[in-house]
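Below is one structure; the comments refer to it alone.
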Amino acid sequence: MDSAVLRWEPPNPSKSDDVSSFHTDDQDRKKNGQPGSPSPSHLAYGILDTPPWYLCIFLGIQHFLTALGGLVAVPLILAKDLCLQHDPLTQSYLISTIFFVSGLCTLLQVFLGIRLPILQGGTFAFLAPSLAMLSLPAWKCPEWTLNASQVNTSSPEFTEEWQKRIRELQGAIMVASCVQMLVGFSGLIGFLLRFIGPLTIAPTIALVALPLFDSAGADAGIHWGISALTSFLIVLFSQYLKNVAVPVPVYGEKGRTSKFYLFQVFPVLLALCISWLVCFVLTITDTLPVAPSAYGHLARTDTKGSVLSQAPWFRFPYPGQWGLPTLSLAGVFGIIAGVISSMVESVGDYYACARLVGAPPPPKHAVNRGIGIEGLGCLLAGAWGTGNGTTSYSENVGALGVTRVGSRMVIVAAGCVLLLMGVLGKIGAAFATIPTPVIGGMFLVMFGVITAVGISNLQYADMNSSRNLFVFGFSIYCGLAVPSWANRNPEILQTGVPQLDQVIQVLLTTGMFVGGFLGFLLDNTIPGSREERGLLAWTRMQEAAGETAMAAEVYQLPWGIGTKFCTPSCAQHLPFWPSKRHPPAAAETRLRPGCTGCCDPGSSQNPPSQAGAVLCRGHSVPNPRPASGWCSEQWVGSPELPLGSDTLLAKL
């Protein structure tokens with residue numbers, strides 16, 4: 001996640017941190033596609049506003065490009081263990097499928113889920129258990145699939161080899177997604193958060209990426225020059241040039257330009273394209289070796305060139321496209337570990353997104369509905385056969401902060417863009433032709449960021465405490481040592497019951513499960529205060545989420561569901577159903593003596609922006625609140641939240 005996302009502070013007018021600067025008119029409310037005057041939260045468009053159609057399309061494409069690195073990386077990482085490393089055409093089908101399902105799940109989340117502008121996409125939390133399951137002796141790829149000269153990608157034998165593996169993943173993901181739907185729609189997520197703190201989250205997320213160092217190193221080692229160039233460009237664009245603005249013309253205003261922080265928004269995409277171009281130049285000049293056995297041959301762009309001509313222009317993914325899903329207990333238990341990690345991350349995303357778009361913290365029913373819809377998204381991903389699930393994409397939450405556009409309609413446009421890209425077969429094929437060392441260079445940076453994001457959760461716990469140092473150190477070290485031993489000694493873990501043997505093997509070779517379980521167990525059994533353990537952030541976050549009139553407007557179901565129709569009294573008792581009862585508007589704008597009225601919706605007075613402030617009905621209010629002054633009775637705010645593992649590229 002973007003480091004700026006979860007450490008929100010009011011923008012300083014004298015210093016521009018925005019990716020683009022929008023021309024605005026002096027109106028109190030955005031109407032007919034025209035933005036009003038910037039609010040103290042510095043938003044060009046709020047969550048309930050509708051930007052002009054052309055801006056929705058442009059920003060929707062930007063969200064697609066922001067998520068592109070994570071979306072493409074998931075199927076490319078799975079390809080080797082699915083025996084698809086020499087079948088780029090099928091890889092392109094997986095990429096197109098994950099685009100399509102991500103678009104579908106995004107629309108479901110925006111309309112029926114949490115209702116915040118959050119994009120959905122593939123999750124790295126599912127990769128570790130998936131790779132552990134595919135490493136079982138029964139699912140290891142035959143030797144002949146590792147040799148490109150022996151692979152006939154159109155043969156029925158090869159097709160069955162990779163399809164039976166992805167069908168096994170599909171079944172495990174679909175069953176585990178039912179657990180997520182149960183936890184969400186039943187309201188159990190609030191109960192779980194009482195016991196899951198930074199000392200559980202940190203080792204779990206860090207161990208998503210740490211065990212992948214071997215895969216990243218192998219891909220990068222195909223040509224270290226190309227992979228080093230890719231990593232260097234990502235670092236250059238994301239760290240050194242992120243504050244360099246590029247002037248771009250303003251639509252409909254001849255001669256006017258706007259600042260666009262190109263390098264901050266698209267560091268990975270730019271690096272991939274430049275490295276890709278370098279590989280192309282080195283290929284046509286035959287600088288890279290032609291012999292398949294020579295070092296650096298796979299950096300050539302013509303090794304996968306046929307996939308573009310073979311891929312159809314239009315291909316519609318559909319449920320069961322790889323056959324009927326199969327099921328094993330080992331896969332289900334492993335994926336459930338990923339589901340728990342994904343849920344905790346998503347809750348943090350919800351509250352971070354609400355702060356950025358000037359919305360009140362989501363009430364419990366909205367959080368429950370959001371987690372439940374994410375579970376439904378994982379079910380759809382399993383049915384369609386992406387080989388992965390879905391989760392909230394934190395890098396897109398970061399994009400909301402830097403574009404100043406928090407409108408739901410922009411994410412709706414992004415979902416439609418994803419659907420369109422999913423049916424354009426040539427798009428997926430183009431990404432499947434990226435040379436392997438370019439992908440390896442991207443992985444070196446990406447996996448490093450995921451690891452750091454996980455460890456950064458420790459800022460909420462007291463790391464001067466010997467208790468916390470022990471819990472984290474022991475958990476993360478065992479999360480590396482135990483899977484390494486289990487992978488080398490599978491024969492020792494034999495109980496005589498094959499199904500139980502597989503479950504034990506998958507769980508013990510999944511580092512995030514081992515580390516997360518030990519962190520959870522030790523953190524909840526070794527004596528320590530809630531403040532020392534870092535659990536107060538979660539408590540404050542939930543206490544701040546009140547059911548106000550503004551919250552009802554933002555988080556109520558669309559099309560009058562629950563207010564105009566479908567309003568049975570029994571529905572009010574469902575944990576995910578919005579409540580019809582909320583405090584009257586007058587209670588929200590009640591002012592203390594001496595208050596300037598900044599929280600009054602009709603007031604034009606705004607407090608000055610300053611560090612250490614919280615949001616009050618979209619306005620910046622000093623924190624801690626003064627004894628008299630701005631809106632001391634009614635305010636909406638939430639503490640900083642733990643970061644998630646899917647905050648990949650925006651953190652750069």
Side-chain angles (χ1 to χ4, degrees), residues 68-70 72-82 84-88 91 95 124 127-128 131 141 145-149 206 208-242 263 266-305 307 430-453 480 484 487 648-649 651-652:
L68 187 61
V72 172
V74 169
L76 293 180
I77 293 172
L78 286 173
K80 183 177 180 180
D81 290 87
L82 291 173
L84 290 173
Q85 64 267 48
H86 300 303
D87 188 2
Q91 291 180 31
I95 292 172
F124 280 77
L127 278 180
L131 296 177
C141 295
T145 63
L146 306 179
N147 190 336
S149 62
V208 167
L210 278 177
L212 296 175
F213 73 91
D214 190 48
S215 174
D219 288 345
I222 288 175
H223 195 294
W224 278 109
I226 298 297
S227 58
L229 173 65
T230 306
S231 298
F232 168 76
L233 290 174
I234 294 176
V235 174
L236 176 67
F237 296 150
S238 65
Q239 303 301 322
Y240 294 101
L241 300 181
K242 63 181 178 180
F263 303 113
F266 304 131
V268 175
L269 181 66
L270 289 172
L272 289 180
C273 291
I274 293 174
S275 297
W276 203 348
L277 180 62
V278 170
C279 288
F280 175 74
V281 172
L282 296 178
T283 298
I284 61 176
T285 59
D286 281 336
T287 303
L288 293 170
V290 178
S293 59
Y295 176 80
H297 171 73
L298 291 179
R300 295 179 64 94
T301 56
D302 56 5
T303 58
K304 303 177 182 178
V307 68
F431 289 115
T433 62
I434 301 175
T436 304
V438 175
I439 297 296
M442 179 185 72
F443 285 169
L444 290 177
V445 180
M446 182 182 294
F447 295 160
V449 171
I450 300 174
T451 303
V453 163
L480 293 171
S484 176
N487 275 318
L648 309 176
L649 311 181
K651 182 76 174 180
L652 301 174

*Which heavy atom in Lys80 sits nearest to a heavy atom in Gln85, and how many Å separate them?*
O-OE1, 3.6 Å

*How far apart are the C-alpha atoms of Leu131 and Ile77, what are their side-chain angles, what is the distance that settles it, and do they pass the side chain to side chain contact (heavy atoms under 4.5 Å, CB included) test?*
CA-CA 9 Å; Leu131 296 177; Ile77 293 172; 4.3 Å; yes

*side chain to side chain donor-acceptor pair (under 3.5 Å) with Ser227: which residues, sequence neighbours excluded?*
none

*Could you note down all residue pairs passing side chain to side chain donor-acceptor pair (under 3.5 Å) where residues 284-299 supplies at least one of them, sequence neighbours left out?*
Thr285-Thr287, Asp286-Arg300

*Measure the spacing between CG of Leu210 and OG1 of Thr451 and express it to the nearest 0.5 Å.*
4.0 Å

Solution key, residues 434-447 side-chain donor-acceptor pairs under 3.5 Å, sequence neighbours excluded:
none

Tell me which donor-acceptor pairs under 3.5 Å the side chains of residues 266-278 have, and how far apart each pair is, sequence neighbours excluded?
{"residue": "Ser275", "atom": "OG", "partner": "Thr230", "partner atom": "OG1", "Å": "2.9"}
{"residue": "Ser275", "atom": "OG", "partner": "Ala271", "partner atom": "O", "Å": "3.1"}

_Residues in side chain to side chain donor-acceptor pair (under 3.5 Å) contact with Asp81, at least two apart in sequence or another chain_ = none

_CG on Leu76 to CD1 on Ile95, rounded to 0.5 Å_ = 4.5 Å

_Once side chain to side chain donor-acceptor pair (under 3.5 Å) is applied, do any residues pair with Asp214, and if so which ones, sequence neighbours excluded?_
none

_Considering all heavy atoms, the nearest Thr433-Ala430 contact_ = OG1-O, 2.6 Å

_What's the separation between atom NE2 in His223 and atom CG in Leu298, rounded to the nearest 0.5 Å?_
11.0 Å

